[in-house]
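Here the structure is laid out as structure tokens; the discussion comes afterwards.
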Amino acid sequence: MIPVLSRTVLQRSCLATLRKIHTNVYPMAHSKFEYVKSFEEEGQLDPQHWIIIRLRLKNVEELYDLHELEQPNDCSLTSLLQAAVDVVMQDFKEIVLCYSFSQEFNFVFAKNTTLYRRRGPKLLTNVCSLLSSAFVHKWPYYIQSSALIFPPVIDGAVHLLPDDQSLRDYMTKQQNVCHHQNLYKTAFWGLVTKRGMLPGEATETLKGANEGTLNELLFTRCNTNYNKEEDVFKKGSIALRKKVQKTVTAQNGSIIQRSQSTVTVMHADLTKDSFWSDVLVLDQPTELNAKLNYLKHFEKKETLLPHTWMVVRIDGKAFHNFSEKHYFKKPNDLRSIELMNKAAFSVMKEFPDIIFSYGQSDEYSFVIHRYSKMCDRQGGRIISSIVSLFAGVYVYHWQSMFEDVKLHYCPAFDARVVLYPNNSCLRDYISWRQADCHINNMYNTCFWTLVQQGQCSRQNAEEILCGTFSKDKRSILINRFNQNYDDEDAIFRKGTVMYQKMVSEESGRSRGELPENNQAEEGCRGIVVGHFDVIKDEFWRERPWLLGEERNATTLDDFD
Ligand code: GTP
Ligand code: MG
């Protein structure tokens with residue numbers, strides 16, 4: 001159901017539209033479901049604070065095991081991670097510094113950045129998804145011994161630091177963690193590889209060991225002087241952006257100086273004053289602090305309201321350009337849609353609390369069960385985990401879908417989480433996205449038919465479609481091209497729906513409830529993929545287990 005817009009509004013927006021010529025142009029109709037947009041929050045971060053995007057690769061032990069990487073530190077993996085950091089720093093010029101070690105990354109945005117209007121979730125997910133897609137894209141260049149078996153899940157958080165001293169303290173704390181973790185790992189793997197201990201025995205031997213004991217043990221039992229280990233592992237890596245003046249030749253042939261930024265990687269000691277006075281010069285003087293525990297309060301933690309539906313919507317970053325660069329077919333490229341579907345399927349398999357998902361164009365919405373405790377309902381962790389896996393799988397399967405089209409650069413996606421308090425708003429949200437798909441697809445189908453088969457210029461096609469309604473577009477297609485819109489593939493008209501099959505009734509649980517541990521059981525789980533009409537009641541009536549019945553809290557545990 002599309003509301004009728006007044007002529008003047010239409011004419012004004014048509015004129016604005018005609019000034020731009022795009023691949024997929026702007027249908028002017030809106031659906032009645034659009035009110036659900038008001039549930040979305042921006043998550044703008046306070047001005048004049050350092051913004052740190054902290055990312056952590058999950059399941060690293062499994063990654064080492066399955067790919068037979070060298071313990072405790074694999075040099076190729078370290079180089080790959082540094083290369084992925086570099087991709088992020090090249091793309092986001094507002095990142096001044098990245099401190100990374102082992103599987104941890106801290107990207108620091110300039111205090112005064114206005115990128116994405118300082119929207120925390122947008123900064124977090126764009127950086128996180130790009131790191132993930134770069135990791136997958138670059139894997140074969142750095143790790144030739146073994147093909148990547150699974151794309152990464154990355155857990156993320158935003159930290160907001162009020163001044164220069166807290167930035168120094170944060171970095172110092174991170175480097176302390178790097179040092180302690182690496183010393184322990186070196187001792188552990190020293191005992192396993194040099195003394196032939198079983199992992200359990202090594203853990204037992206190292207129980208309660210302090211720094212001195214670990215150093216001593218390494219020296220006496222493993223013949224290793226920890227001080228001689230490589231700095232990249234002991235101290236981590238600092239990728240620092242520096243502004244430099246470069247001499248370039250202008251178009252008219254004159255020689256001019258231009259300010260450019262370069263990224264330098266070093267393994268410096270962040271506890272030393274010299275780093276903060278000579279290498280990274282801050283506005284305010286800083287000193288080495290012993291007490292760093294206060295920093296934990298600066299994490300932007302958002303625990304999502306219990307018992308509300310959580311919807312994570314991801315959207316491709318600048319896919320208008322990405323689709324042009326990679327020769328997507330217009331108006332719809334089946335390869336790209338199927339690739340998005342593969343990524344969404346993997347996300348649903350990895351996170352069984354996602355009961356339903358809906359995708360179209362460069363976006364996907366994931367509905368997480370309202371009683372789920374996924375990632376302790378921490379918003380940042382939920383969106384980063386989903387978007388990192390999605391982006392990784394997208395790149396992982398790129399070649400198998402696009403065959404002859406090389407991936408020119410790594411795609412990124414942003415993600416947001418929106419809460420819906422009841423079944424009816426959740427359904428309206430899903431309807432909104434499907435109505436949007438319908439409106440866009442009908443417009444784009446008409447537009448490209450006029451251009452490709454009707455020999456219209458793009459401007460001419462826009463003029464023809466300006467102010468038309470659904471029935472007008474259908475008439476244009478049938479009268480001018482003998483084409484029935486309903487014969488278009490459902491995947492284009494309706495988008496793609498995925499949902500979890502009903503959990504086995506033998507488990508004794510009522511429909512719509514998750515098991516005790518909030519994880520659907522293996523074996524009785526399956527995902528259905530189709531192109532259903534999800535606006536109609538019928539879809540939901542036939543699958544009552546998806547939304548379940550609204551229930552009251554039954555125990556205090558529900559509020560954990
Ligand atoms: P941001 O999301 O704001 O970063 O911009 P965007 O360029 O990604 O635009 P938006 O998400 O609003 O729209 C997605 C864009 O992706 C469309 O406008 C198309 O240009 C492009 N796109 C998505 N799917 C297809 C496809 O199947 N074929 C073609 N040719 N383009 C597509
Ligand atoms: Mg997009």
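Counting convention: from 1, in listed order, for ligands and their atoms alike.
- Residue Lys330 has no nitrogen or oxygen atom sitting less than 3.5 Å from a nitrogen or oxygen atom of ligand 1, judged on distance alone.
- Geometry about the Mg ion (ligand 2) gives an angle of 80° between O of Gly316 and OD1 of Asp315, rounded in steps of 10 degrees.
- Residue Glu324 does not touch ligand 1, judged by heavy-atom distances below 4.0 Å.
- Val395 has its side chain out of reach of Phe135: every pair of non-hydrogen atoms, C-beta onward, lies at least 4.5 Å apart.
- Note: His326 and His408 have tilted aromatic rings, judged against thresholds of 30 and 60 degrees for the angle between ring planes.
- Put simply, the residue from Asn332, Thr496, Asp436 that forms a side chain to side chain donor-acceptor pair (under 3.5 Å) with Gln360 is Asp436.
- Between Lys317 and ligand 1, no N or O atom pair is found at a separation short of 3.5 Å.
- Close contacts between ligand 1 and His320 involve ligand atoms 6 (P), 7 (O), 8 (O), 15 (C), 16 (O), 20 (O) [criterion: under 4.0 Å to a heavy atom].
- Between Phe92 and Tyr116, the angle of the ring planes goes over 60°, which puts this pair in the perpendicular group of the 30/60° scheme.
- Residue Lys329 has at least one heavy-atom neighbour below 4.0 Å for each of these atoms of ligand 1: 28 (N), 29 (C), 30 (N).
- Residue Asp362 holds the heavy atom nearest to atom 14 (C) of ligand 1 of all those in Leu334, Asp362, Asp333, Asn444.
- Within the cation-pi definition used here (under 6.0 Å to the ring centroid, within 45° of the axis), Arg543 qualifies as a partner of Phe532.
- The atoms of ligand 1 that sit less than 4.0 Å from any heavy atom of Pro331 are 26 (C), 27 (O), 28 (N), 29 (C).
- Scanning Pro411, Ser361, Ser323 for the heavy atom closest to atom 23 (C) of ligand 1 points to Ser361.
- Residue Asn321 has no N or O atom closer than 3.5 Å to an N or O atom of ligand 1.
- Close N/O approach between Asp315 and ligand 1 is found [any backbone or side-chain N/O within under 3.5 Å].
- Taking the Mg ion (ligand 2) as reference, the nearest N/O/S atom within Asp362 carries the name OD2.
- The ring pair (Phe, Tyr, Trp, His ring centres under 6.0 Å) check on Tyr396 picks up nothing, with sequence neighbours excluded.
- No side-chain heavy atom of Arg416 sits less than 4.5 Å from a side-chain heavy atom of Val312.
- In terms of polar-atom proximity, defined here as any N/O pair under 3.5 Å, Ala318 does make such a contact with ligand 1.
- A parallel orientation is assigned to the rings of Phe447 and Tyr443, their planes being inclined by less than 30° (bins at 30° and 60°).
- Close contacts between ligand 1 and Asn332 involve ligand atoms 27 (O) [criterion: under 4.0 Å to a heavy atom].
- Relative orientation of the Trp398 and Phe322 rings is perpendicular, given thresholds of 30° and 60° on the angle between their planes.
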